[in-house]
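Just below is one structure, and these are the notes that go with it.
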Amino acid sequence: MISLVVLLLMMIIALLAPLLANERPWYMQYHGMNYYPAFTWKKTYYIGNEGGAAEKIQLDITDWKKLNTEKIIFAPIPYSPGKSDYANAGYICPGCEQHFTNAEGHKVAMPLRFRHWLGTGNRGDDLLAGLIHGSRVSLTIGFLSMGIATLIGILLGAFAGFFGDHSLTASRGKIGFTCLGIFFGWFYGFQLPATSFSENILLRLSVSTAIFLFIVFAFSLLGNLAGRIYGLHKKVKVPVDRLISRIIEIMVSLPLFMLMLAVAAVSKPSLTNMMVIIGLTNWTGIARLTRAEMLRIREQEFIQSAKALGFSQTRIMLRHALPNAIAPALISISFGIANAIIIESSLSFLGLGVPQTVTTWGSLLSAGHGNFSAWWLVVFPGLCIFITVTAYNLIGEGLRDALDPKMKS
């Protein structure tokens, strides 16, 4: 229960990050006019002053704390991640003396509402603002990367467990043309576009997958026609379980973290790339659990009844077997999200994760690596990672206790 509360709190902080930590004020009254800089998409304000001239305020570089406004309301943390406060640059610790340059240009003691409560980094960037916005990146990567892994793992595991090595039969012609389709689909879908497509790996992967599926489908239709030819019409069994199990064993035998390091090193750093890399390398556990559960469920009476009623195998698998086999995979998904957050933090710590302009818990840890005396840059991001990963692991254990029949007994 505590884990769910902690995780819910993290999600709320991640969703409200632009409102909780933002250098732009929520509201200000300036020259008698009302403005809401934190909620606007404008880049520039043109404000008429008392002399009749228009004053230009560029929202991204204005020092709002020195603006002579009638009224102003700041966010709880009046700093944005990555923005420099040069008056407090050079690793200022949470309890150390902090300075503030007022509108007259005098350096005074830091007012309480502008204080850096968790200290600053090398350029005076506020650590608490970085932690708040970093939670958004870490949770997003955890959810979306495991979404990709879940889709791949559940589909492959369901096919392997439900069809096995003897349930799926096809003509020799269809099998041959489908294999040709897989070869040409891989070549035209994933090999040729690699040098000419967008740098966005998610878009490139989506288009490549669509090309691959279209070519395989087209060759499968040709295989249906070829299956009518004498000699190619004979039905043979397709060893689905054996093929998918070998793929899983190959993936498991690879040093995945080294593989992710290699892929991250050659690809352009981006959030999308990071999610795809983690998703494509962490589906094997979900596939194994789904396969094992499908092997048990396919022998159940309600599945046999559905077969006796003449339902197609695809309908039985997707509508009757898979919904009853997905529970164990939820446990692996929960642990996988925690693992994805650790992987992202590790890669960002090594400088191979997200772009340098994006603040994450891992990049904050990496900043602390540059100065060992700046303990707050290591302790607070480390605590955030530890609390979030522990919460996901406890939720996973709770799901296992609730859903695993062996634990109930």
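- Listed by first then second residue, pairs satisfying salt bridge (Lys or Arg N to Asp or Glu O under 4.0 Å) with a partner in residues 109-132 number zero, not counting sequence neighbours.
- For the ring-ring contact (aromatic ring centres under 6.0 Å, His included) test, no residue two or more places apart in sequence or in another chain qualifies with F183.
- Note on ring orientation: taking the six-membered ring where Trp is involved, the planes of F184 and F219 are parallel (angle under 30°, cut-offs 30° and 60°).
- Shortest non-hydrogen contact noted between P381 and L127 is CG-CD1, 4.3 Å.
- The OG1 atom of T359 sits 11.0 Å away from the NZ atom of K83 when rounded to the nearest 0.5 Å.
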Please tabulate, for side-chain N and O atoms in residues 310-324, each donor-acceptor pair with protein atoms closer than 3.5 Å (sequence neighbours left out).
{"residue": "S312", "atom": "OG", "partner": "R315", "partner atom": "N", "Å": "3.2"}
{"residue": "N324", "atom": "ND2", "partner": "H320", "partner atom": "O", "Å": "2.6"}

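- Atom CZ of F39 has more than 12 heavy atoms from other residues, nucleotides or ligands within 6.0 Å.
- Residues L156 and I152 are in side-chain contact: their nearest non-hydrogen atoms beyond the backbone lie under 4.5 Å apart.
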Below 3.5 Å, can you tabulate the donor-acceptor pairs from side chains in residues 72-82 to any protein atom, sequence neighbours excluded?
{"residue": "Y79", "atom": "OH", "partner": "F114", "partner atom": "O", "Å": "2.5"}
{"residue": "S80", "atom": "OG", "partner": "E23", "partner atom": "N", "Å": "2.9"}

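- In this structure, the side chains of W26 and P37 stay at 4.5 Å or more apart for every pair of heavy atoms.
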Legend entry - Derivation and outcome, side-chain contact (heavy atoms from CB on, under 4.5 Å), residues L4 and L8: CA-CA 6 Å; L4 286 174; L8 183 61; over 6 Å; no
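- Remark: R242 CZ is loosely packed, at most 12 non-hydrogen atoms of other residues, nucleotides or ligands lying under 6.0 Å away.
- For the atom pair I385 CD1 and T388 OG1, the distance stands at 8.0 Å (nearest 0.5 Å).
- Across all their heavy atoms, I387 and V6 have their closest contact at CG2-CG1, 3.6 Å.
- Taking CG of L118 as the start and CD1 of I132 as the end, the distance is 8.5 Å to the nearest 0.5 Å.
- With sequence neighbours left out, the side chain to side chain donor-acceptor pair (under 3.5 Å) criterion links Y27 to N34.
- Summarising the local packing, CE of M11 is surrounded by more than 12 heavy atoms from other residues, nucleotides or ligands at distances under 6.0 Å.
- Counting heavy atoms from C-beta on, the side chains of L131 and W361 come closer than 4.5 Å.
- The side chain to side chain donor-acceptor pair (under 3.5 Å) test applied to N88 returns D85, not counting sequence neighbours.
- For the pair H116 and Q98, the minimum side-chain heavy-atom distance is below 4.5 Å.
- Take F217 and apply the ring-ring contact (aromatic ring centres under 6.0 Å, His included) test, not counting sequence neighbours, and it matches no residue.
- A cation-pi arrangement is not found for K107 relative to Y86, the charged atom failing to lie both closer than 6.0 Å to the ring centre and inside a 45° cone about the ring normal.
- Shown here are the ring-ring contact (aromatic ring centres under 6.0 Å, His included) partners of Y30, two or more places apart in sequence or in another chain: there are none.
- R298 contributes no side-chain N or O that, together with a main-chain N or O of I303, makes up a donor-acceptor pair within less than 3.5 Å.
- Residues L225 and F177 form no side-chain contact, since every pair of their non-hydrogen atoms from C-beta on lies 4.5 Å or further apart.
- Scanning for disulfide bond (SG atoms under 2.5 Å apart) contacts around C93 gives C96, with sequence neighbours left out.
- Between I92 and W376, the closest side-chain pair of non-hydrogen atoms is not below 4.5 Å.
- Closest approach of I341 to Y392, counting heavy atoms only: CD1-CE1, 3.9 Å.
- Residue pairs meeting the salt bridge (Lys or Arg N to Asp or Glu O under 4.0 Å) criterion with at least one partner in residues 279-293, sequence neighbours excluded, are D241-R291, E293-R296.
- Between R24 and L59 there is a side-chain heavy-atom pair separated by less than 4.5 Å.
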Inset, instruction - Just do the side-chain contact (heavy atoms from CB on, under 4.5 Å) check on K65 and F100 with the steps written out, would you? - result: CA-CA 10 Å; K65 301 176 184 63; F100 179 74; 4.0 Å; yes
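- Considering CG of L139 and CG of L15, their distance stands at 9.0 Å, rounded to 0.5 Å.
- The side chain to side chain donor-acceptor pair (under 3.5 Å) search around Q304 returns none, not counting sequence neighbours.
- Residues meeting the side chain to side chain donor-acceptor pair (under 3.5 Å) test with E97, sequence neighbours left out: none.
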Inset, instruction - Run the numbers on I248 and W283 for side-chain contact (heavy atoms from CB on, under 4.5 Å), then give the verdict. - result: CA-CA 9 Å; I248 292 174; W283 55 269; 3.8 Å; yes
Legend entry - Stepwise side-chain contact (heavy atoms from CB on, under 4.5 Å) test for T290 and I326: CA-CA 6 Å; T290 307; I326 207 169; 5.9 Å; no
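- Annotation: the span from C179 atom SG to K174 atom NZ amounts to 12.0 Å, rounded to 0.5 Å.
- Between V378 and L365, some side-chain heavy-atom pair lies under the 4.5 Å cut-off.
- Nearest heavy-atom pair, S171 versus G223, reported as atom, atom and distance to 0.1 Å: OG-O, 4.3 Å.
- Between atom CD1 of residue I57 and atom OH of residue Y46 there is a gap of 11.5 Å, rounded to the nearest 0.5 Å.
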